[in-house]
Amino acid sequence: MDTNSKLSNNTAVILVSHGSTLPYAEEVFEEIKEKFIKKTNLPAEIGYMKVSKPTIAGAVEILKDEVEDLDKIIALPVFLAPGIHTNIDIPQLLGLKPLEEDPRCPDGNYPPEHYLSIADDVDFDGEIELLSSIGPRDELLDIIDKRIDEALAQSKLGDVKTGVLLVTHGSRLNYNKEFATELYNKFEKTCKYPSSFGFMELCGPSIPESINKLVDENALERLVVVPVFIAPGMHTTHDIPHILGFLEAHEHEHSHSHGHGDHDHVHDLTPVDFNGEILYPEPIKADDILIDILAKMVEEKL
């Protein structure tokens, strides 16, 4: 698809990401960016909300230097579900009005150390159009099926009773649960294995609750736990593996209680009690199907 043929030569895209302390998350988003540019022929840059560089304001500056007479920026949040980040943080970091009131700070006066307080202002006189999050698109099911097949190919067991658990982050707002529920309802209709879904934190059912119920009801001997996340990060490499029993307590370096500035909370990282085989494939990463989704999202706004 040559999206650029339908757009002004003065338009560019910011692929908005959260940011991570782990370098391989940035590596994944660099690959996503390069594949997106190759797919669409559009100038694009990653803009991180926090921690990583370039920031969203920094991405705008890069694109202004790259695109002569830049007059429109399409901001595409590479987030699976809407939430505080897509509806409140990212609009403000782009210099736009938030889509809803912030439950963390209803008066809009953030503490001086909050990342919304310390972020650089966007300097851009043109139009900025903010798209929605990816949402429970049917194409995501193809990626999930691919990850299940990849995991089963590495199994040490033969033909045994197998179940599948989809895992997402969780959120205080209901959006993430709505996303996970709708995606799972689609997945369940085509999945040939007993299946369920669980949340890492902030809402239920939790991962241990879902696993215990799924195993007890189906006498499972093998479980494929699919992380429905875009890129690897602390949650996919530390928190969820700890819950699954892959990391001992002394190996789990991530504090159970922490503050991100956007949500202060305590992780319940109690390991599950399952004696069968647990397979844990990679997250979505820069899968070609994801790139097709992102390209389509831009095309839909033309």
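Surrounding CD of E282 are at most 12 heavy atoms belonging to other residues, nucleotides or ligands under 6.0 Å away. Heavy-atom contacts from other residues, nucleotides or ligands closer than 6.0 Å to CG of D159 number 12 or fewer. Heavy atoms of other residues, nucleotides or ligands lying less than 6.0 angstrom from CG of D216 number more than 12. The local environment of NZ in K33 is crowded, with over 12 non-hydrogen atoms from other residues, nucleotides or ligands closer than 6.0 Å. Around atom CG of D65, more than 12 heavy atoms belonging to other residues, nucleotides or ligands sit under 6.0 Å away. Counted within 6.0 Å of CD on E68, heavy atoms from surrounding residues, nucleotides or ligands total 12 or fewer; the atom is thus considered open.
Looking at K186, its side chain never comes within 3.5 Å of a backbone N or O of L141 through a donor-acceptor pair. Of the possible donor and acceptor atoms, none in the side chain of T181 sits under 3.5 Å from a partner among the backbone N and O of E178. A donor-acceptor pair under 3.5 Å is absent between the side-chain atoms of S210 and the main chain of I207, judged by distance alone. Of the possible donor and acceptor atoms, one in the side chain of K177 sits under 3.5 Å from a partner among the backbone N and O of G204. Put simply, the side chain of Q92 gets close to the backbone of I88: a donor and an acceptor are under 3.5 Å apart. Under the 3.5 Å distance criterion, the side-chain polar atoms of T168 are left unmatched by any main-chain donor or acceptor of V228. Between the side chain of S195 and the main chain of V164, no donor-acceptor pair closer than 3.5 Å is present. Checked by atom type and distance alone, the side chain of D102 pairs as donor or acceptor with a backbone atom of R104 at under 3.5 Å.
Between D89 and K50, no side-chain nitrogen of the basic residue sits less than 4.0 Å from a carboxylate oxygen of the acidic one, so the salt-bridge criterion is not met. With salt bridges taken as basic N to acidic carboxylate O contacts below 4.0 Å, one links R147 and E150. Look at K301 and E127 and you find no salt bridge, because none of the NZ, NE, NH1 or NH2 atoms lies under 4.0 Å from a carboxylate O.
Connectivity analysis of hydrophobic side chains (ILVMFWY, heavy atoms under 4.5 Å, direct or indirect) links V160 to L157.
Of all heavy-atom pairs between V225 and Y280, the closest is O-CD1, 3.3 Å. Looking at every heavy atom in both residues, G170 comes nearest to L202 through O-CD1, 3.8 Å.
For T162, the side chain to side chain donor-acceptor pair (under 3.5 Å) test picks out R222, with sequence neighbours left out.
Two residues are said to be in side-chain contact when any heavy atoms from C-beta on lie closer than 4.5 Å; L214 and P194 meet this criterion. Looking at N218 and Y193, their side chains never come closer than 4.5 Å, going by heavy atoms from C-beta outward. Annotation: side chain of P232 is in contact with side chain of K285 (closest heavy-atom distance under 4.5 Å).
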Trace of the side-chain contact (heavy atoms from CB on, under 4.5 Å) decision for E26 with F29
CA-CA 5 Å; E26 293 184 19; F29 272 93; 5.9 Å; no
Apply the test side-chain contact (heavy atoms from CB on, under 4.5 Å) to residues L80 and L140: give CA-CA distance (whole Å), side-chain angles for both, the deciding distance (0.1 Å), then the verdict.
CA-CA 10 Å; L80 292 173; L140 292 177; 4.1 Å; yes
One pair to check against side-chain contact (heavy atoms from CB on, under 4.5 Å): V60 and K64. What are the steps and the verdict?
CA-CA 6 Å; V60 171; K64 284 164 59 179; 3.8 Å; yes
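Of the options L15, T11, V16, a side chain to side chain contact (heavy atoms under 4.5 Å, CB included) to V13 is made by L15 and by none of the others. Among Y184, F187, F179, the single residue meeting the ring-ring contact (aromatic ring centres under 6.0 Å, His included) criterion with F197 is Y184.
By the rule that hydrophobic residues join a cluster once side-chain heavy atoms approach within less than 4.5 Å of another member, L116 and L99 end up as members of separate clusters.
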